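First the structure, in the form of structure tokens, and then the observations on it.
All values reported here derive from a predicted model rather than from experimental measurement. All residue numbers in this chain count up from 1 along the given sequence. The figures that follow rest on heavy atoms only: side chains count, while hydrogens, waters and symmetry mates do not.
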Amino acid sequence: FLLFTSKQSYREEGYVVLDGLLTPQECDQLRQRMVEIVDEMHVPEHCRTVFSTDHDEQIKGQGNADYFITSGDKIRFFFEKGVFDDKGEFIIPKQRSLNKVGHALHAYEPLYKKVTHSSKVQGIAKKLGLVNPVILQGMYIFKQPGIGGEVTPHQDATFLYTEPLGRVMGLWIALEDATVNNGCLWFIPGSQNNGITRRMVRTPKGTFPLTDFIGREQQYEEDKFVAAPVKKGGVILIHGEVVHRSAANVSEDSRHVYTFHLMENQDTRWSPENWLQPTEELPFTHLYTK
């Protein structure tokens with residue numbers, strides 16, 4: 001599934017778009033299952049957390065919330081801005097209110113688990129030389145029409161830090177066409193070679209907020225970004241240090257995605273300061289099935 005030229009592209013550019021990881025039917029099954037999950041969701045009042053990638057908003061909204069920091073081994077719900085009134089009631093249909101659902105879909109939802117461990121995904125990891133990859137997180141991103149917010153330029157290693165760097169890869173699967181109009185990803189090709197300048201870390205126990213940032217995101221030149229549209233069923237392999245972003249979705253089409261992150265576990269130290277930590281209930285799951 002992963003051709004030699006695609007492998008070269010990934011190494012050089014820091015990302016590669018591959019068509020046809022999933023069939024249209026498989027995409028529709030994952031989307032239908034998410035409709036059911038959202039229909040059944042119970043949202044406690046204190047959990048009406050707004051998700052954002054702006055520096056200060058992140059510290060305030062995400063990190064403050066125990067709900068977020070303890071979601072690594074659970075299936076939890078994160079909303080777009082402005083979907084609740086001041087009483088905490090939905091002002092738009094709940095199916096259109098979510099930013100993402102995470103972060104353990106890969107472990108607890110059979111359809112998502114099957115895709116994550118599929119022979120194609122295992123084949124990609126093997127062709128890239130991963131000896132003992134583990135799954136760090138699995139999430140569903142909605143990019144809702146009209147309100148799906150901008151994701152500012154970032155590197156995944158800011159949030160998923162390892163020593164050495166270069167051990168994390170995202171797989172970003174389009175469950176419907178991702179286009180320039182509905183908020184596809186944009187990358188700076190080759191930017192995975194420049195290290196990182198910002199880390200999101202847990203603060204010492206008993207302090208508030210629960211996470212903070214060390215360093216600041218660099219300013220990037222707009223004209224360096226290249227759009228990466230992808231057809232329904234396609235996947236983008238994303239190097240942990242490549243700089244990427246997505247614009248707000250101002251179209252009338254959603255841009256649903258299932259995405260998960262792998263880490264080469266051999267000779268790698270997962271930072272104990274990362275927000276995401278394995279738990280007794282859910283250690284990081286091995287990708288390769290016997």
Report task. For the residue pair His244 and Phe187, categorise the inter-ring angle as parallel (less than 30°), tilted (30 to 60°) or perpendicular (more than 60°). Result -> parallel

Check: Charged N to carboxylate O below 4.0 Å: is that the case for Arg31 and Glu176?
Finding: yes

Check your understanding: Salt bridge between Glu273 and Arg202, side-chain N to carboxylate O under 4.0 Å?
Key -> no

Item checked: Lys100 charged N/C atom sitting above Phe79 aromatic ring, 6.0 Å / 45° -> no

Are Arg245 and Glu222 within salt-bridge range, i.e. N to O under 4.0 Å? yes

message = Less than 6.0 angstrom separating the ring centers of His106 and Phe260, yes or no?
response = no

All heavy atoms of Leu165 vs all of Ala157, minimum pair found to be CD2-CB, 4.0 Å

| With a 3.5 Å cut-off and no angle check, do the side chains of Tyr258 and Thr116 form a donor-acceptor pair? | yes

In terms of relative ring orientation, are Trp270 and Phe284 parallel, tilted or perpendicular, with 30° and 60° separating the classes? perpendicular

- Please check if the distance between the ring centroids of Phe78 and Tyr67 is under 6.0 Å. yes

- request: Could you give me the CA-CA distance, side-chain angles and deciding distance for His256 and Tyr140, then say whether ring pair (Phe, Tyr, Trp, His ring centres under 6.0 Å) is met?
  value: CA-CA 7 Å; His256 289 200; Tyr140 192 105; 5.3 Å; yes

Separation between CZ (Phe159) and CD (Gln137), nearest 0.5 Å, reads 10.0 Å

Between Ala107 and Leu282 the two heavy atoms that sit nearest each other are CB-CD1, 3.7 Å

query: Do Lys232 and Asp28 sit within salt-bridge range, that is, some charged N less than 4.0 Å from a carboxylate O?
result: yes

To the nearest 0.5 Å, atom OG1 of Thr259 lies from atom NE2 of His103 at 10.0 Å

